[in-house]
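Atom set for the values below is all heavy atoms of this structure, side chains included, hydrogens, waters and symmetry mates excluded. Only a predicted model underlies this, so the values are computations on that prediction, with no experimental measurement involved. Within every chain, numbering begins at 1; the chains are lettered A, B, ... in the order of the sequence lines, protein sequences first and strands thereafter.
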Number of protein chains: 2
Amino acid sequence: MPKEYENRGFLLKQRAFLKLYLLNNIPKQKGYGLKLLEELREDFKQYGYSPTHSELYKVLHELTREGIVRREKKLLGEPGVDFQEIIIYHLTDKGQQEKELYKKQMKAELDRCLGLLNKAVRDNYGPLLN
Amino acid sequence: MPKEYENRGFLLKQRAFLKLYLLNNIPKQKGYGLKLLEELREDFKQYGYSPTHSELYKVLHELTREGIVRREKKLLGEPGVDFQEIIIYHLTDKGQQEKELYKKQMKAELDRCLGLLNKAVRDNYGPLLN
DNA sequence: CAATGAACAAATTGTTCATTA
DNA sequence: TAATGAACAATTTGTTCATTG
(Lines give C-alpha, C1' and ligand atoms only; values in the text may rest on other atoms or scores of the structure.)
Protein backbone atom coordinates (compact mmCIF):
# COMPACT_ATOMS: atom_id res chain seq x y z
CA MET A 1 0.00 0.00 0.00
CA PRO A 2 1.36 3.40 -0.91
CA LYS A 3 -0.03 4.80 2.28
CA GLU A 4 -2.42 7.22 0.66
CA TYR A 5 -0.97 10.65 0.87
CA GLU A 6 -2.91 12.27 3.65
CA ASN A 7 -1.39 15.57 4.72
CA ARG A 8 -4.46 17.76 4.88
CA GLY A 9 -2.69 20.59 6.49
CA PHE A 10 -0.37 23.36 5.57
CA LEU A 11 2.16 22.75 2.82
CA LEU A 12 3.39 19.41 1.68
CA LYS A 13 6.16 17.67 3.53
CA GLN A 14 9.68 17.44 2.29
CA ARG A 15 9.52 13.68 2.55
CA ALA A 16 6.64 13.48 0.09
CA PHE A 17 8.34 15.90 -2.23
CA LEU A 18 11.53 13.85 -2.33
CA LYS A 19 9.56 10.67 -2.81
CA LEU A 20 7.98 12.09 -5.92
CA TYR A 21 11.35 13.02 -7.40
CA LEU A 22 12.92 9.70 -6.54
CA LEU A 23 10.09 7.74 -8.12
CA ASN A 24 10.76 9.66 -11.29
CA ASN A 25 14.54 9.67 -11.14
CA ILE A 26 15.22 6.12 -10.12
CA PRO A 27 14.03 4.57 -13.38
CA LYS A 28 15.98 7.03 -15.47
CA GLN A 29 19.52 6.69 -14.34
CA LYS A 30 21.18 3.94 -12.46
CA GLY A 31 21.99 6.29 -9.63
CA TYR A 32 22.75 5.22 -6.11
CA GLY A 33 21.93 7.19 -2.98
CA LEU A 34 24.51 9.92 -2.87
CA LYS A 35 24.44 10.30 -6.61
CA LEU A 36 20.72 10.95 -6.59
CA LEU A 37 21.28 13.40 -3.77
CA GLU A 38 23.90 15.33 -5.71
CA GLU A 39 21.60 15.63 -8.67
CA LEU A 40 18.73 16.90 -6.58
CA ARG A 41 20.96 19.41 -4.85
CA GLU A 42 22.17 20.67 -8.17
CA ASP A 43 18.60 20.88 -9.40
CA PHE A 44 17.37 22.87 -6.44
CA LYS A 45 20.43 24.98 -5.95
CA GLN A 46 18.87 28.09 -7.39
CA TYR A 47 15.92 27.67 -5.07
CA GLY A 48 18.07 27.58 -1.99
CA TYR A 49 17.06 24.07 -1.15
CA SER A 50 19.65 21.46 -0.34
CA PRO A 51 18.24 18.22 1.02
CA THR A 52 20.28 16.22 3.49
CA HIS A 53 21.60 12.74 2.87
CA SER A 54 19.74 11.55 5.92
CA GLU A 55 16.38 12.60 4.57
CA LEU A 56 17.08 11.06 1.20
CA TYR A 57 18.07 7.72 2.67
CA LYS A 58 14.98 7.70 4.80
CA VAL A 59 12.85 8.01 1.69
CA LEU A 60 14.78 5.25 -0.04
CA HIS A 61 14.38 2.98 2.99
CA GLU A 62 10.69 3.73 3.11
CA LEU A 63 10.25 2.94 -0.56
CA THR A 64 12.15 -0.29 -0.02
CA ARG A 65 10.03 -1.27 2.95
CA GLU A 66 6.91 -0.64 0.91
CA GLY A 67 8.19 -2.89 -1.84
CA ILE A 68 8.16 -0.08 -4.34
CA VAL A 69 11.86 -0.25 -5.10
CA ARG A 70 14.28 -3.14 -5.14
CA ARG A 71 17.88 -2.83 -4.05
CA GLU A 72 20.81 -4.13 -6.00
CA LYS A 73 24.30 -4.07 -4.58
CA LYS A 74 27.10 -3.20 -6.93
CA LEU A 75 30.69 -2.14 -6.89
CA LEU A 76 31.44 1.40 -7.88
CA GLY A 77 34.13 1.81 -10.53
CA GLU A 78 36.37 -0.91 -11.93
CA PRO A 79 36.03 -4.31 -10.30
CA GLY A 80 39.27 -5.30 -8.68
CA VAL A 81 40.28 -1.69 -8.45
CA ASP A 82 37.55 0.01 -6.50
CA PHE A 83 35.79 -1.91 -3.80
CA GLN A 84 33.32 0.72 -2.82
CA GLU A 85 29.93 -0.88 -2.56
CA ILE A 86 26.91 1.04 -3.69
CA ILE A 87 23.21 0.33 -3.88
CA ILE A 88 21.28 0.77 -7.08
CA TYR A 89 17.53 1.13 -6.90
CA HIS A 90 15.01 -0.22 -9.36
CA LEU A 91 11.27 0.17 -9.49
CA THR A 92 9.46 -3.10 -8.84
CA ASP A 93 6.39 -4.07 -10.83
CA LYS A 94 4.28 -3.07 -7.90
CA GLY A 95 6.33 0.10 -7.76
CA GLN A 96 5.40 0.94 -11.33
CA GLN A 97 1.75 0.99 -10.43
CA GLU A 98 2.21 2.73 -7.13
CA LYS A 99 4.25 5.36 -8.84
CA GLU A 100 1.40 6.31 -11.12
CA LEU A 101 -1.03 6.46 -8.25
CA TYR A 102 1.31 8.47 -6.10
CA LYS A 103 2.00 10.90 -8.91
CA LYS A 104 -1.68 11.55 -9.26
CA GLN A 105 -2.05 12.21 -5.58
CA MET A 106 0.96 14.45 -5.55
CA LYS A 107 -0.25 16.45 -8.51
CA ALA A 108 -3.35 17.33 -6.56
CA GLU A 109 -1.25 18.14 -3.54
CA LEU A 110 1.14 20.34 -5.50
CA ASP A 111 -1.77 22.18 -7.03
CA ARG A 112 -3.29 22.68 -3.63
CA CYS A 113 -0.06 24.15 -2.30
CA LEU A 114 0.40 26.35 -5.33
CA GLY A 115 -3.11 27.60 -4.80
CA LEU A 116 -2.41 28.37 -1.19
CA LEU A 117 0.78 30.26 -1.94
CA ASN A 118 -0.72 32.14 -4.84
CA LYS A 119 -3.59 33.15 -2.64
CA ALA A 120 -1.12 34.43 -0.08
CA VAL A 121 0.49 36.56 -2.75
CA ARG A 122 -2.86 37.91 -3.87
CA ASP A 123 -4.11 38.53 -0.36
CA ASN A 124 -0.99 40.23 0.89
CA TYR A 125 0.46 41.87 -2.19
CA GLY A 126 -2.42 41.92 -4.59
CA PRO A 127 -3.83 44.91 -6.47
CA LEU A 128 -6.36 47.08 -4.70
CA LEU A 129 -4.77 46.25 -1.40
CA ASN A 130 -2.35 48.50 0.39
CA MET B 1 14.49 43.21 15.41
CA PRO B 2 12.17 41.23 13.19
CA LYS B 3 14.54 38.32 13.30
CA GLU B 4 15.41 38.32 9.63
CA TYR B 5 13.55 35.54 7.97
CA GLU B 6 16.16 32.87 7.44
CA ASN B 7 14.63 29.56 6.42
CA ARG B 8 16.91 28.57 3.59
CA GLY B 9 15.49 25.17 3.30
CA PHE B 10 12.50 23.48 1.87
CA LEU B 11 9.18 25.30 1.94
CA LEU B 12 8.30 28.15 4.22
CA LYS B 13 7.09 27.45 7.71
CA GLN B 14 3.51 27.74 8.78
CA ARG B 15 4.55 30.15 11.51
CA ALA B 16 5.96 32.60 9.01
CA PHE B 17 2.94 32.25 6.80
CA LEU B 18 0.54 33.05 9.62
CA LYS B 19 2.69 35.95 10.73
CA LEU B 20 2.36 37.52 7.32
CA TYR B 21 -1.41 37.23 7.36
CA LEU B 22 -1.72 38.54 10.88
CA LEU B 23 0.43 41.56 10.13
CA ASN B 24 -1.96 42.37 7.35
CA ASN B 25 -5.20 41.47 9.11
CA ILE B 26 -4.59 43.02 12.49
CA PRO B 27 -4.72 46.61 11.26
CA LYS B 28 -7.88 46.02 9.27
CA GLN B 29 -10.37 44.69 11.72
CA LYS B 30 -10.38 44.90 15.42
CA GLY B 31 -10.28 41.15 15.68
CA TYR B 32 -9.15 39.22 18.71
CA GLY B 33 -7.44 35.86 18.64
CA LEU B 34 -10.19 33.37 17.93
CA LYS B 35 -11.89 35.79 15.58
CA LEU B 36 -8.78 36.11 13.49
CA LEU B 37 -8.49 32.34 13.53
CA GLU B 38 -12.04 31.86 12.28
CA GLU B 39 -11.43 34.23 9.42
CA LEU B 40 -8.25 32.48 8.38
CA ARG B 41 -9.93 29.10 8.56
CA GLU B 42 -12.74 30.33 6.40
CA ASP B 43 -10.23 31.81 3.98
CA PHE B 44 -8.23 28.62 3.63
CA LYS B 45 -11.10 26.21 3.79
CA GLN B 46 -11.03 25.44 0.10
CA TYR B 47 -7.33 24.71 0.34
CA GLY B 48 -7.79 22.14 3.04
CA TYR B 49 -5.81 24.15 5.54
CA SER B 50 -7.17 24.79 8.98
CA PRO B 51 -4.65 26.33 11.38
CA THR B 52 -4.90 25.52 15.06
CA HIS B 53 -5.63 28.04 17.78
CA SER B 54 -2.39 27.08 19.44
CA GLU B 55 -0.29 28.02 16.47
CA LEU B 56 -2.11 31.29 16.02
CA TYR B 57 -1.64 32.32 19.64
CA LYS B 58 2.02 31.47 19.42
CA VAL B 59 2.41 33.89 16.55
CA LEU B 60 0.51 36.58 18.43
CA HIS B 61 2.69 36.06 21.50
CA GLU B 62 5.80 36.23 19.39
CA LEU B 63 4.68 39.46 17.74
CA THR B 64 3.95 40.86 21.17
CA ARG B 65 7.32 39.87 22.54
CA GLU B 66 8.98 41.52 19.57
CA GLY B 67 7.09 44.72 20.22
CA ILE B 68 5.40 44.60 16.87
CA VAL B 69 1.89 44.47 18.25
CA ARG B 70 0.34 45.95 21.36
CA ARG B 71 -2.36 44.22 23.34
CA GLU B 72 -5.53 45.86 24.51
CA LYS B 73 -7.94 44.10 26.82
CA LYS B 74 -11.60 44.57 26.17
CA LEU B 75 -14.92 43.07 27.04
CA LEU B 76 -16.73 41.22 24.33
CA GLY B 77 -20.34 42.26 23.78
CA GLU B 78 -22.40 44.57 25.97
CA PRO B 79 -20.71 45.77 29.12
CA GLY B 80 -22.62 44.62 32.15
CA VAL B 81 -24.08 41.79 30.15
CA ASP B 82 -21.17 39.85 28.81
CA PHE B 83 -18.01 39.71 30.83
CA GLN B 84 -15.95 37.70 28.42
CA GLU B 85 -12.58 39.33 28.17
CA ILE B 86 -10.84 39.45 24.83
CA ILE B 87 -7.58 40.85 23.60
CA ILE B 88 -7.41 43.21 20.68
CA TYR B 89 -4.15 43.63 18.84
CA HIS B 90 -2.77 46.80 17.31
CA LEU B 91 0.33 47.40 15.28
CA THR B 92 2.86 49.54 17.12
CA ASP B 93 4.82 52.24 15.36
CA LYS B 94 7.76 49.94 15.28
CA GLY B 95 5.42 47.26 14.03
CA GLN B 96 4.43 49.40 11.08
CA GLN B 97 8.01 49.50 9.91
CA GLU B 98 8.74 45.90 10.69
CA LYS B 99 5.65 44.90 8.80
CA GLU B 100 6.90 46.45 5.60
CA LEU B 101 10.28 44.84 5.97
CA TYR B 102 8.80 41.49 6.78
CA LYS B 103 6.44 41.66 3.84
CA LYS B 104 9.36 42.23 1.52
CA GLN B 105 11.21 39.27 2.90
CA MET B 106 8.16 37.09 2.69
CA LYS B 107 7.47 38.08 -0.88
CA ALA B 108 10.85 36.75 -1.83
CA GLU B 109 10.23 33.63 0.18
CA LEU B 110 6.81 33.03 -1.36
CA ASP B 111 8.29 33.46 -4.81
CA ARG B 112 11.03 31.03 -3.99
CA CYS B 113 8.52 28.43 -2.84
CA LEU B 114 6.31 28.98 -5.85
CA GLY B 115 9.35 28.48 -8.02
CA LEU B 116 10.20 25.27 -6.27
CA LEU B 117 6.70 23.86 -6.57
CA ASN B 118 6.31 24.94 -10.17
CA LYS B 119 9.58 23.30 -10.96
CA ALA B 120 8.33 20.11 -9.36
CA VAL B 121 5.28 20.22 -11.59
CA ARG B 122 7.42 20.78 -14.67
CA ASP B 123 9.95 18.14 -13.76
CA ASN B 124 7.44 15.47 -12.86
CA TYR B 125 4.46 16.24 -15.04
CA GLY B 126 5.87 18.50 -17.68
CA PRO B 127 5.61 18.08 -21.44
CA LEU B 128 8.10 15.82 -23.16
CA LEU B 129 8.40 13.74 -20.05
CA ASN B 130 6.66 10.45 -19.52
C1' DC C 1 37.58 8.24 2.09
C1' DA C 2 32.82 7.54 -0.23
C1' DA C 3 28.73 5.42 0.73
C1' DT C 4 25.30 3.78 3.67
C1' DG C 5 22.90 3.70 7.75
C1' DA C 6 21.40 4.61 12.40
C1' DA C 7 21.29 7.23 16.64
C1' DC C 8 20.42 11.20 18.38
C1' DA C 9 18.94 16.05 18.79
C1' DA C 10 16.49 20.07 17.42
C1' DA C 11 12.71 22.35 15.51
C1' DT C 12 8.05 22.62 14.31
C1' DT C 13 3.41 21.73 14.91
C1' DG C 14 -0.70 19.64 17.08
C1' DT C 15 -3.50 17.92 21.27
C1' DT C 16 -4.79 18.32 25.62
C1' DC C 17 -5.32 20.51 29.91
C1' DA C 18 -5.92 24.82 32.92
C1' DT C 19 -7.73 29.25 33.96
C1' DT C 20 -10.64 33.04 33.89
C1' DA C 21 -14.47 35.63 33.48
C1' DT D 1 -19.08 28.33 27.52
C1' DA D 2 -15.78 31.33 24.71
C1' DA D 3 -11.37 33.00 24.94
C1' DT D 4 -6.71 32.76 26.22
C1' DG D 5 -2.74 30.44 27.44
C1' DA D 6 0.46 26.87 28.68
C1' DA D 7 1.96 22.12 29.10
C1' DC D 8 2.70 18.38 26.82
C1' DA D 9 3.13 15.05 22.93
C1' DA D 10 3.93 13.81 18.28
C1' DT D 11 5.92 14.57 13.96
C1' DT D 12 9.26 16.06 10.91
C1' DT D 13 13.74 17.20 9.84
C1' DG D 14 18.70 17.90 10.63
C1' DT D 15 23.37 16.71 12.90
C1' DT D 16 26.36 13.62 14.40
C1' DC D 17 28.30 9.22 14.98
C1' DA D 18 29.25 4.29 13.30
C1' DT D 19 30.33 0.81 9.93
C1' DT D 20 31.92 -1.15 5.83
C1' DG D 21 34.65 -1.97 2.12
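- Here dT13(D) presents its C1' atom at 16 Å from CD of Gln14(B), a figure rounded to the nearest Å.
- Using a 4.0 Å heavy-atom cutoff across all strands shown, His61(B) reaches sugar-phosphate atoms only and no base atom.
- Residue whose closest nucleotide on DNA chain C sits further toward the 5' end, between Lys35(A) and Arg15(B): Lys35(A).
- Straight-line distance from the CG atom of Leu18(B) to the P atom of dT12(C): 14 Å, rounded to whole Å.
- Put simply, CG on Leu12(B) is 14 Å from P on dT13(D), counting in whole angstrom units.
- Between Leu36(A) atom CG and dT4(C) atom C1' there is a gap of 13 Å when expressed in whole angstrom units.
- Toward the 5′ end of DNA chain D lies the nearest nucleotide of Glu38(B), the other residue of the pair Lys58(B) and Glu38(B) mapping further downstream.
- Side-chain atoms of Arg71(B) lie closest to dG5(D) of the nucleotides dA3(C), dG5(D), dG5(C).
- A salt bridge links Arg15(A) with Glu62(A): the closest approach of a Lys/Arg side-chain nitrogen to an acidic carboxylate oxygen falls below 4.0 angstrom.
- Side-chain contact, Gln14(B) with Tyr49(B): a donor N or O sits under 3.5 Å from an acceptor N or O.
- Rounded to whole angstrom, the span from the CD1 atom of Ile86(A) across to the P atom of dT4(C) amounts to 7 Å.
- Across all strands shown, Tyr89(B) has heavy atoms under 4.0 Å from sugar-phosphate atoms exclusively, and none from any base.
- Residue Lys13(A) has its side chain nearest to dT12(D) when only dA7(C), dT12(D), dA3(C) are considered.
- Judged by distance alone with a 3.5 Å cut-off, no donor-acceptor contact links the side chain of Thr52(A) to the base of dT15(D).
- Regarding Lys73(A), its NZ atom lies at a distance of 12 Å from the C1' atom of dA3(C), rounded to whole Å.
- Salt bridge status for Glu39(B) with Lys28(B): absent, with no side-chain N to carboxylate O gap under 4.0 Å.
- If you check dA3(D), dG14(D), dT16(C) against the side chain of His53(B), the one that comes closest is dT16(C).
- dT12(D) atom P lies 15 Å from atom CZ of Phe10(A), rounded to whole Å.
- Closest to the Ser54(B) side chain, of the nucleotides dA6(D), dT4(D), dA3(C), is dA6(D).
- Geometric assessment of Lys119(A) against the ring of Tyr47(B) yields a negative cation-pi assignment under the 6.0 Å and 45° thresholds.
- Distances shown here put a side-chain N or O of Tyr57(B) below 4.0 Å from the OP1 or OP2 atom of dT4(D).
- Set against dG5(C), dG14(D), dG5(D), the side chain of Glu55(A) has dG14(D) as its closest nucleotide.
- Between Phe44(B) and Pro51(B), the shortest heavy-atom contact is CD1-CD, 4.4 Å.
- Atom CG in Leu34(A) sits about 19 Å away from atom P in dT19(D), given to the nearest Å.
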